[in-house]
Engineer: 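Before anything else, here's the structure in question.
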Amino acid sequence: MRPGTLQLQSLPPLSLYIHLPWCLKKCPYCDFNSHEWSATSEPGQPLPESRYLDALRADLEASLPLIWGRTVHSVFIGGGTPSLFSPAAIDRLLGDVRALLRLDADAEITLEANPGTFEKDRFRAFREAGVTRLSIGVQSFNDVHLKALGRVHDRDQAMAAVEEAAQAFDTFNLDLMYALPGQTLADCEADVRTALSFAPPHISIYHLTLEPNTYFAKYPPALPPEDEAWDMLDRITELTGEAGLQRYEVSAYARAGHRSWHNTNYWQFGDY
Ligand SMILES: C[S@@+](CC[C@H](N)C(=O)[O-])C[C@H]1O[C@@H](n2cnc3c(N)ncnc32)[C@H](O)[C@@H]1O
Ligand code: SF4
(Lines give C-alpha, C1' and ligand atoms only; values in the text may rest on other atoms or scores of the structure.)
(Ligands and ions follow the chains in the order given, each with its own letter.)
Protein backbone atom coordinates (compact mmCIF):
# COMPACT_ATOMS: atom_id res chain seq x y z
CA MET A 1 0.00 0.00 0.00
CA ARG A 2 3.05 2.32 0.30
CA PRO A 3 4.34 4.27 -2.72
CA GLY A 4 7.08 2.28 -4.44
CA THR A 5 8.45 1.29 -7.83
CA LEU A 6 5.43 -0.91 -8.62
CA GLN A 7 2.66 1.30 -10.04
CA LEU A 8 -0.61 -0.57 -10.58
CA GLN A 9 -3.32 0.91 -12.81
CA SER A 10 -5.95 -0.52 -10.49
CA LEU A 11 -5.75 -2.46 -7.27
CA PRO A 12 -5.69 -6.26 -7.74
CA PRO A 13 -8.61 -8.41 -6.57
CA LEU A 14 -8.44 -9.58 -2.99
CA SER A 15 -8.61 -13.09 -1.57
CA LEU A 16 -9.06 -13.75 2.13
CA TYR A 17 -7.31 -16.62 3.92
CA ILE A 18 -8.65 -17.62 7.36
CA HIS A 19 -6.68 -20.06 9.50
CA LEU A 20 -8.29 -22.52 11.94
CA PRO A 21 -5.32 -24.19 13.63
CA TRP A 22 -6.60 -27.34 15.35
CA CYS A 23 -6.47 -31.01 14.32
CA LEU A 24 -7.59 -34.26 15.93
CA LYS A 25 -4.02 -35.54 15.76
CA LYS A 26 -0.75 -34.03 14.52
CA CYS A 27 0.47 -35.91 11.44
CA PRO A 28 4.15 -36.93 11.65
CA TYR A 29 5.12 -35.11 8.41
CA CYS A 30 3.23 -31.85 8.96
CA ASP A 31 4.88 -28.52 9.83
CA PHE A 32 1.83 -26.38 9.27
CA ASN A 33 0.63 -24.15 12.08
CA SER A 34 -1.64 -26.93 13.33
CA HIS A 35 -2.07 -28.27 16.83
CA GLU A 36 -3.58 -31.39 18.30
CA TRP A 37 -6.57 -30.12 20.25
CA SER A 38 -6.40 -32.70 23.04
CA ALA A 39 -2.73 -31.84 23.62
CA THR A 40 -3.48 -28.14 24.11
CA SER A 41 -6.60 -28.44 26.27
CA GLU A 42 -8.02 -30.10 29.35
CA PRO A 43 -9.32 -33.62 28.50
CA GLY A 44 -12.81 -33.61 26.96
CA GLN A 45 -12.97 -29.83 26.43
CA PRO A 46 -14.74 -28.70 23.23
CA LEU A 47 -12.91 -26.49 20.70
CA PRO A 48 -12.98 -22.82 21.82
CA GLU A 49 -15.00 -21.88 18.73
CA SER A 50 -16.67 -18.83 20.11
CA ARG A 51 -13.52 -17.25 21.59
CA TYR A 52 -11.55 -17.95 18.42
CA LEU A 53 -14.26 -16.42 16.20
CA ASP A 54 -14.30 -13.33 18.43
CA ALA A 55 -10.52 -13.04 17.97
CA LEU A 56 -10.77 -13.49 14.19
CA ARG A 57 -13.42 -10.81 13.96
CA ALA A 58 -11.31 -8.38 16.01
CA ASP A 59 -8.32 -9.17 13.77
CA LEU A 60 -10.32 -8.51 10.61
CA GLU A 61 -11.77 -5.28 12.00
CA ALA A 62 -8.26 -4.05 12.81
CA SER A 63 -7.15 -4.77 9.21
CA LEU A 64 -10.09 -3.08 7.49
CA PRO A 65 -8.42 0.32 6.99
CA LEU A 66 -5.89 -1.42 4.69
CA ILE A 67 -8.58 -2.53 2.25
CA TRP A 68 -11.42 0.02 2.42
CA GLY A 69 -13.73 -0.17 -0.56
CA ARG A 70 -12.10 -3.18 -2.18
CA THR A 71 -13.97 -6.32 -3.15
CA VAL A 72 -13.03 -9.80 -1.97
CA HIS A 73 -13.35 -12.42 -4.72
CA SER A 74 -12.55 -15.60 -2.83
CA VAL A 75 -12.23 -16.90 0.70
CA PHE A 76 -10.15 -19.91 1.76
CA ILE A 77 -10.70 -21.38 5.23
CA GLY A 78 -7.62 -23.54 5.86
CA GLY A 79 -5.82 -25.23 8.69
CA GLY A 80 -5.34 -27.23 10.64
CA THR A 81 -8.62 -29.00 10.13
CA PRO A 82 -11.39 -26.42 9.67
CA SER A 83 -13.99 -29.19 9.32
CA LEU A 84 -13.58 -29.78 13.09
CA PHE A 85 -15.48 -26.51 13.58
CA SER A 86 -19.25 -26.93 13.72
CA PRO A 87 -21.37 -25.79 10.76
CA ALA A 88 -22.92 -23.19 13.09
CA ALA A 89 -19.46 -21.76 13.78
CA ILE A 90 -18.62 -21.64 10.05
CA ASP A 91 -21.99 -19.96 9.46
CA ARG A 92 -21.13 -17.30 12.05
CA LEU A 93 -17.63 -16.84 10.60
CA LEU A 94 -18.97 -16.28 7.08
CA GLY A 95 -21.68 -13.98 8.47
CA ASP A 96 -18.93 -11.84 10.07
CA VAL A 97 -16.94 -11.81 6.82
CA ARG A 98 -20.00 -10.69 4.83
CA ALA A 99 -20.88 -8.03 7.41
CA LEU A 100 -17.38 -6.53 7.47
CA LEU A 101 -16.19 -6.92 3.88
CA ARG A 102 -17.55 -6.35 0.42
CA LEU A 103 -17.72 -9.95 -0.79
CA ASP A 104 -18.49 -10.75 -4.45
CA ALA A 105 -21.98 -12.25 -4.76
CA ASP A 106 -20.50 -15.30 -6.48
CA ALA A 107 -17.30 -15.48 -4.42
CA GLU A 108 -15.76 -18.95 -4.17
CA ILE A 109 -15.64 -20.00 -0.52
CA THR A 110 -13.39 -23.01 0.16
CA LEU A 111 -13.18 -25.03 3.37
CA GLU A 112 -10.44 -27.60 4.06
CA ALA A 113 -11.82 -30.87 5.39
CA ASN A 114 -10.42 -34.18 6.56
CA PRO A 115 -12.24 -37.29 5.36
CA GLY A 116 -13.31 -38.72 8.74
CA THR A 117 -16.91 -39.93 9.07
CA PHE A 118 -17.59 -37.30 11.71
CA GLU A 119 -16.72 -34.60 9.19
CA LYS A 120 -18.43 -36.18 6.17
CA ASP A 121 -21.78 -36.12 7.95
CA ARG A 122 -21.47 -32.32 8.26
CA PHE A 123 -20.60 -31.54 4.64
CA ARG A 124 -24.12 -30.55 3.63
CA ALA A 125 -24.45 -28.27 6.63
CA PHE A 126 -21.18 -26.56 5.62
CA ARG A 127 -22.72 -26.03 2.17
CA GLU A 128 -25.81 -24.49 3.77
CA ALA A 129 -23.54 -22.18 5.79
CA GLY A 130 -22.23 -20.77 2.48
CA VAL A 131 -19.17 -22.89 1.66
CA THR A 132 -19.14 -23.47 -2.12
CA ARG A 133 -15.98 -25.57 -2.50
CA LEU A 134 -14.59 -28.35 -0.33
CA SER A 135 -10.88 -29.25 -0.32
CA ILE A 136 -10.50 -32.79 1.02
CA GLY A 137 -7.20 -34.01 2.45
CA VAL A 138 -7.28 -37.56 1.11
CA GLN A 139 -3.46 -38.01 0.76
CA SER A 140 -3.83 -41.64 -0.41
CA PHE A 141 -6.51 -44.27 -1.00
CA ASN A 142 -4.19 -47.05 0.21
CA ASP A 143 -4.66 -48.14 3.84
CA VAL A 144 -0.99 -49.13 4.24
CA HIS A 145 0.20 -45.68 3.18
CA LEU A 146 -2.48 -43.87 5.15
CA LYS A 147 -1.24 -45.72 8.22
CA ALA A 148 2.40 -44.88 7.44
CA LEU A 149 1.36 -41.20 7.23
CA GLY A 150 -0.35 -41.45 10.63
CA ARG A 151 -3.71 -40.42 9.14
CA VAL A 152 -6.85 -40.84 11.23
CA HIS A 153 -9.00 -41.99 8.28
CA ASP A 154 -8.93 -45.08 6.05
CA ARG A 155 -9.57 -45.73 2.33
CA ASP A 156 -13.31 -46.37 2.76
CA GLN A 157 -13.81 -43.13 4.65
CA ALA A 158 -11.82 -41.25 2.01
CA MET A 159 -13.99 -42.71 -0.78
CA ALA A 160 -17.21 -41.90 1.08
CA ALA A 161 -16.05 -38.34 1.82
CA VAL A 162 -15.16 -37.62 -1.81
CA GLU A 163 -18.49 -39.03 -3.02
CA GLU A 164 -20.37 -36.85 -0.55
CA ALA A 165 -18.34 -33.74 -1.49
CA ALA A 166 -18.99 -34.32 -5.20
CA GLN A 167 -22.73 -34.37 -4.52
CA ALA A 168 -22.99 -31.61 -1.95
CA PHE A 169 -20.72 -28.86 -3.35
CA ASP A 170 -20.52 -26.74 -6.51
CA THR A 171 -16.91 -27.87 -6.88
CA PHE A 172 -14.21 -29.66 -4.90
CA ASN A 173 -10.49 -30.35 -4.64
CA LEU A 174 -8.58 -33.43 -3.54
CA ASP A 175 -5.16 -33.25 -1.85
CA LEU A 176 -2.99 -36.26 -2.63
CA MET A 177 0.60 -36.98 -1.64
CA TYR A 178 3.14 -39.11 -3.47
CA ALA A 179 6.62 -40.59 -2.89
CA LEU A 180 5.23 -42.04 0.34
CA PRO A 181 7.05 -44.55 2.57
CA GLY A 182 7.00 -47.92 0.76
CA GLN A 183 5.02 -46.56 -2.23
CA THR A 184 5.71 -48.01 -5.69
CA LEU A 185 4.94 -46.45 -9.06
CA ALA A 186 1.98 -48.86 -9.40
CA ASP A 187 0.66 -47.79 -5.96
CA CYS A 188 0.92 -44.14 -6.95
CA GLU A 189 -0.85 -44.81 -10.23
CA ALA A 190 -3.65 -46.66 -8.41
CA ASP A 191 -4.12 -43.65 -6.08
CA VAL A 192 -4.32 -41.22 -8.99
CA ARG A 193 -6.71 -43.44 -10.95
CA THR A 194 -8.99 -43.74 -7.91
CA ALA A 195 -8.91 -39.98 -7.43
CA LEU A 196 -9.73 -39.38 -11.09
CA SER A 197 -12.63 -41.85 -10.97
CA PHE A 198 -14.52 -39.16 -9.00
CA ALA A 199 -13.98 -36.66 -11.86
CA PRO A 200 -12.56 -33.98 -9.52
CA PRO A 201 -12.51 -30.49 -11.05
CA HIS A 202 -9.17 -29.89 -9.28
CA ILE A 203 -6.38 -31.94 -7.67
CA SER A 204 -3.41 -30.69 -5.59
CA ILE A 205 -0.55 -33.18 -5.46
CA TYR A 206 2.28 -32.85 -2.97
CA HIS A 207 5.62 -34.63 -3.00
CA LEU A 208 6.05 -35.77 0.61
CA THR A 209 8.87 -33.71 2.10
CA LEU A 210 10.62 -34.20 5.41
CA GLU A 211 10.17 -30.86 7.09
CA PRO A 212 12.37 -29.65 9.97
CA ASN A 213 10.96 -30.07 13.48
CA THR A 214 8.51 -32.82 12.52
CA TYR A 215 8.41 -36.39 13.80
CA PHE A 216 9.50 -37.60 10.35
CA ALA A 217 12.53 -35.29 10.44
CA LYS A 218 13.57 -36.90 13.71
CA TYR A 219 12.72 -40.47 12.69
CA PRO A 220 12.90 -40.45 8.87
CA PRO A 221 10.97 -43.23 7.14
CA ALA A 222 12.49 -44.98 4.09
CA LEU A 223 11.24 -43.06 1.05
CA PRO A 224 11.28 -44.00 -2.65
CA PRO A 225 14.50 -42.91 -4.43
CA GLU A 226 14.42 -39.58 -6.26
CA ASP A 227 14.31 -41.20 -9.73
CA GLU A 228 11.19 -43.12 -8.76
CA ALA A 229 9.59 -39.97 -7.38
CA TRP A 230 10.21 -38.27 -10.78
CA ASP A 231 8.67 -41.28 -12.54
CA MET A 232 5.64 -40.93 -10.28
CA LEU A 233 5.29 -37.27 -11.16
CA ASP A 234 5.54 -38.05 -14.89
CA ARG A 235 2.80 -40.67 -14.51
CA ILE A 236 0.63 -38.28 -12.47
CA THR A 237 1.02 -35.64 -15.18
CA GLU A 238 0.08 -38.14 -17.93
CA LEU A 239 -2.96 -39.49 -16.11
CA THR A 240 -4.32 -36.11 -15.07
CA GLY A 241 -3.69 -34.82 -18.62
CA GLU A 242 -5.66 -37.75 -20.09
CA ALA A 243 -8.48 -36.84 -17.69
CA GLY A 244 -8.49 -33.27 -19.06
CA LEU A 245 -6.87 -31.58 -16.06
CA GLN A 246 -4.20 -29.02 -16.94
CA ARG A 247 -1.10 -28.58 -14.77
CA TYR A 248 -1.20 -24.84 -14.18
CA GLU A 249 1.01 -24.29 -11.15
CA VAL A 250 4.25 -25.74 -9.90
CA SER A 251 5.12 -23.90 -6.83
CA ALA A 252 7.20 -23.24 -3.86
CA TYR A 253 4.73 -21.58 -1.57
CA ALA A 254 4.15 -19.99 1.73
CA ARG A 255 0.94 -18.74 3.14
CA ALA A 256 -0.54 -17.29 6.27
CA GLY A 257 -0.15 -19.72 9.11
CA HIS A 258 2.58 -21.68 7.37
CA ARG A 259 5.98 -21.47 8.96
CA SER A 260 8.24 -22.61 6.15
CA TRP A 261 8.56 -22.92 2.41
CA HIS A 262 7.72 -26.15 0.65
CA ASN A 263 10.10 -26.26 -2.30
CA THR A 264 8.97 -27.40 -5.75
CA ASN A 265 6.82 -30.12 -4.26
CA TYR A 266 3.36 -28.85 -4.99
CA TRP A 267 1.51 -29.37 -8.24
CA GLN A 268 -1.94 -28.11 -9.17
CA PHE A 269 -4.14 -29.73 -11.79
CA GLY A 270 -7.43 -28.25 -12.89
CA ASP A 271 -9.25 -25.88 -15.15
CA TYR A 272 -7.94 -22.58 -13.74
C1 LIG B 1 -2.74 -27.81 5.83
S2 LIG B 1 -2.76 -29.34 5.11
C3 LIG B 1 -4.46 -29.39 5.30
C4 LIG B 1 -5.47 -30.28 5.11
C5 LIG B 1 -6.03 -31.16 6.17
N6 LIG B 1 -5.68 -30.76 7.49
C7 LIG B 1 -5.52 -32.55 5.91
O8 LIG B 1 -4.46 -32.89 6.41
O9 LIG B 1 -6.20 -33.27 5.23
C10 LIG B 1 -2.64 -29.10 3.37
C11 LIG B 1 -1.96 -30.20 2.62
O12 LIG B 1 -0.56 -30.06 2.73
C13 LIG B 1 0.03 -31.29 2.39
N14 LIG B 1 1.20 -31.47 3.25
C15 LIG B 1 1.30 -31.20 4.56
N16 LIG B 1 2.55 -31.51 4.99
C17 LIG B 1 3.26 -31.96 3.92
C18 LIG B 1 4.58 -32.46 3.71
N19 LIG B 1 5.46 -32.54 4.71
N20 LIG B 1 4.94 -32.86 2.46
C21 LIG B 1 4.06 -32.77 1.45
N22 LIG B 1 2.79 -32.34 1.59
C23 LIG B 1 2.39 -31.93 2.81
C24 LIG B 1 -1.05 -32.37 2.57
O25 LIG B 1 -1.38 -32.92 1.32
C26 LIG B 1 -2.23 -31.60 3.11
O27 LIG B 1 -3.45 -32.06 2.62
S1 SF4 C 1 -1.65 -32.65 7.63
FE2 SF4 C 1 -3.62 -31.73 8.08
S3 SF4 C 1 -4.54 -33.08 9.68
FE4 SF4 C 1 -2.37 -33.56 9.60
S5 SF4 C 1 -1.50 -32.24 11.21
FE6 SF4 C 1 -1.25 -31.15 9.24
S7 SF4 C 1 -3.01 -29.82 9.13
FE8 SF4 C 1 -3.47 -31.38 10.70
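Start at 1 and go down the list; that is how both ligands and their atoms are numbered.
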Engineer: Decide yes or no for Arg235 and Cys188: does some side-chain heavy atom of the first lie under 4.5 Å from some side-chain heavy atom of the second?
Structural biologist: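 A side-chain contact under 4.5 Å is absent here.
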Engineer: Within the 3.5 Å criterion, strictly below it, is a donor on Asp234 or Thr237 matched to an acceptor on the partner's side chain?
Structural biologist: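 On atom types as modelled, these side chains do not qualify, holding no pair under 3.5 Å.
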Engineer: Does a donor on one side chain and an acceptor on the other come within less than 3.5 Å for Asp31 and Thr214?
Structural biologist: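 The answer is no; no qualifying pair exists.
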Engineer: Students should be able to answer this: which protein heavy-atom is nearest to atom 6 (Fe) of ligand 2, and at what distance?
Structural biologist: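 Result for atom 6 (Fe) of ligand 2: Cys30 SG, 2.3 Å.
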Engineer: Report the nearest protein non-hydrogen atom to atom 7 (S) of ligand 2: residue, atom name, distance rounded to 0.1 Å.
Structural biologist: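 Scanning the protein heavy atoms, the shortest distance from atom 7 (S) of ligand 2 goes to Gly80 N, 3.4 Å.
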Engineer: Heavy atom of Gly79 under 4.0 Å from ligand 1?
Structural biologist: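 Yes.
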Engineer: Step by step, work out the side chain to side chain contact (heavy atoms under 4.5 Å, CB included) result for Leu101 and Ile67.
Structural biologist: CA-CA 9 Å; Leu101 295 174; Ile67 55 157; 3.3 Å; yes
Engineer: Heavy atoms only: which of Met177, Gln139, Lys25, Arg151 is nearest to atom 2 (Fe) of ligand 2?
Structural biologist: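 Nearest option to atom 2 (Fe) of ligand 2, by heavy atoms: Arg151.
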Engineer: Below 30° counts as parallel, above 60° as perpendicular, anything between as tilted: where do the rings of Phe198 and Phe141 land?
Structural biologist: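 Phe198 vs Phe141 ring planes: parallel.
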Engineer: What part of Gln139, side chain from CB on, backbone N/CA/C/O, both or neither, has a heavy atom under 4.0 Å from ligand 1?
Structural biologist: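 The answer is the side chain.
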Engineer: Measure the distances from the heavy atoms of Glu112 to every atom of ligand 2 and state whether one is below 4.0 angstrom.
Structural biologist: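 No, Glu112 has no heavy atoms under 4.0 Å from ligand 2.
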Engineer: Could you list which atoms of ligand 2 come closer than 4.0 Å to a heavy atom of Tyr29?
Structural biologist: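 Close to Tyr29: 1 (S).
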Engineer: Give the atom numbers and elements of ligand 1 that come within less than 4.0 Å of a heavy atom of Gly137.
Structural biologist: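 Those atoms are 9 (O).
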Engineer: For Asp104 and Thr71: C-alpha separation, side-chain torsions, deciding distance, then whether side chain to side chain donor-acceptor pair (under 3.5 Å) applies.
Structural biologist: CA-CA 6 Å; Asp104 246 357; Thr71 303; 5.3 Å; no
Engineer: Between ligand 1 and Asp31, is the shortest N or O to N or O distance under 3.5 Å?
Structural biologist: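 No - when backbone and side-chain N and O of Asp31 are compared with those of ligand 1, no distance drops under 3.5 Å.
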Engineer: Run the ring pair (Phe, Tyr, Trp, His ring centres under 6.0 Å) test on Phe172 and His202 for me, step by step, so that the C-alpha distance in whole Å, both residues' side-chain angles and the decisive distance to 0.1 Å come before the verdict.
Structural biologist: CA-CA 7 Å; Phe172 65 101; His202 191 276; over 10 Å; no
Engineer: So if I count the atoms of ligand 1 from 1 in the order they appear, which ones are less than 4.0 Å from some heavy atom of Thr81?
Structural biologist: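 Taking each heavy atom of Thr81 in turn, ligand 1 has 6 (N) under 4.0 Å.
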Engineer: Could a heavy atom of Gly137 be found less than 4.0 Å from some atom of ligand 2?
Structural biologist: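 Distance cut 4.0 Å: Gly137 fails for ligand 2.
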Engineer: Short list, please: which atoms of ligand 2 are under 4.0 Å from a heavy atom of Cys23?
Structural biologist: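 Atoms satisfying the 4.0 Å criterion: 3 (S), 5 (S), 7 (S), 8 (Fe).
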Engineer: At under 4.0 Å between heavy atoms, which part of Asp175 makes contact with ligand 1: side chain, backbone, both or neither?
Structural biologist: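 Side chain only.
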Engineer: Do any N/O atoms on Glu211 end up under 3.5 angstrom from N/O atoms on ligand 1?
Structural biologist: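 Looking only at distances, the answer is no, because the N/O contact criterion of under 3.5 Å is not met.
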Engineer: Are the side chain of Arg151 and the backbone N or O of Gly137 linked by a donor-acceptor pair below 3.5 Å?
Structural biologist: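 Checked: pair present.
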Engineer: List every atom of ligand 1 that sits less than 4.0 Å from any heavy atom of His207, numbering the atoms from 1 in the order shown and giving each element.
Structural biologist: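 Result: 20 (N), 21 (C).
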Engineer: Closest by any non-hydrogen atom to atom 6 (N) of ligand 1: pick that one out of Cys23, Gly80, Gly116, Ser204.
Structural biologist: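 Heavy atom nearest to atom 6 (N) of ligand 1 belongs to Gly80.
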Engineer: Just heavy atoms, cut-off under 4.0 Å: does Phe32 contact ligand 1 by side chain, backbone, both, or neither?
Structural biologist: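 The answer is the side chain.
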Engineer: Using only atom types and a distance under 3.5 Å, with no angle test, would you say the side chain of Arg124 pairs donor to acceptor with the backbone of Glu164?
Structural biologist: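 No, the answer is negative, given that no donor and acceptor are paired below the 3.5 Å cut-off.
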Engineer: Side chain or backbone of His19 under 4.0 Å from ligand 1, or both, or neither, by non-hydrogen atoms?
Structural biologist: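 None of His19 does.
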Engineer: Any chance you could lay out the side chain to side chain donor-acceptor pair (under 3.5 Å) test for Thr184 and Asp187, step after step, and finish with the verdict?
Structural biologist: CA-CA 5 Å; Thr184 63; Asp187 294 334; 3.1 Å; yes
Engineer: Can you find a pair of side-chain heavy atoms, one from Leu56 and one from Asp96, that are under 4.5 Å apart?
Structural biologist: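 Leu56 vs Asp96: side chains apart.
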Engineer: Just let me know how Cys27 lines up against ligand 2, side chain, backbone, both or neither, with a heavy-atom cut-off below 4.0 Å.
Structural biologist: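 Near ligand 2, Cys27 shows its backbone as well as its side chain.
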Engineer: Name the orientation class of the two ring planes belonging to Phe76 and Tyr17 (parallel below 30°, tilted from 30 to 60°, perpendicular beyond 60°).
Structural biologist: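 Parallel.
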Engineer: Taking 4.0 angstrom as the limit and counting only heavy atoms of Ser34, give me the atoms of ligand 2 inside it, by number and element.
Structural biologist: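 Once the distances to Ser34 are compared, the set is 5 (S), 6 (Fe), 7 (S), 8 (Fe).
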Engineer: With heavy atoms only and a cut-off of under 4.0 Å, state how Asn114 meets ligand 2: side chain, backbone, both or neither.
Structural biologist: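 Just the side chain.
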Engineer: Under a plain distance cut-off of 3.5 Å, with no hydrogens placed, do His35 and Asn33 share a side-chain donor-acceptor pair?
Structural biologist: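 Present: a donor and an acceptor within the cut-off.
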Engineer: For atom 16 (N) of ligand 1, which of the options Trp22, Tyr29, Tyr178 provides the nearest non-hydrogen atom?
Structural biologist: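 Answer by nearest heavy atom: Tyr29.
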Engineer: Indicate the ring-plane relationship of Phe169 and Phe123, choosing parallel, tilted or perpendicular according to the 30° and 60° boundaries.
Structural biologist: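 If you compare the ring of Phe169 with that of Phe123, the planes turn out perpendicular.
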Engineer: Would Glu112 count as being in polar contact with ligand 1, using the rule that some N or O on each side must be under 3.5 angstrom apart?
Structural biologist: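 Checking ligand 1 against Glu112, no N or O pair falls under 3.5 Å apart.
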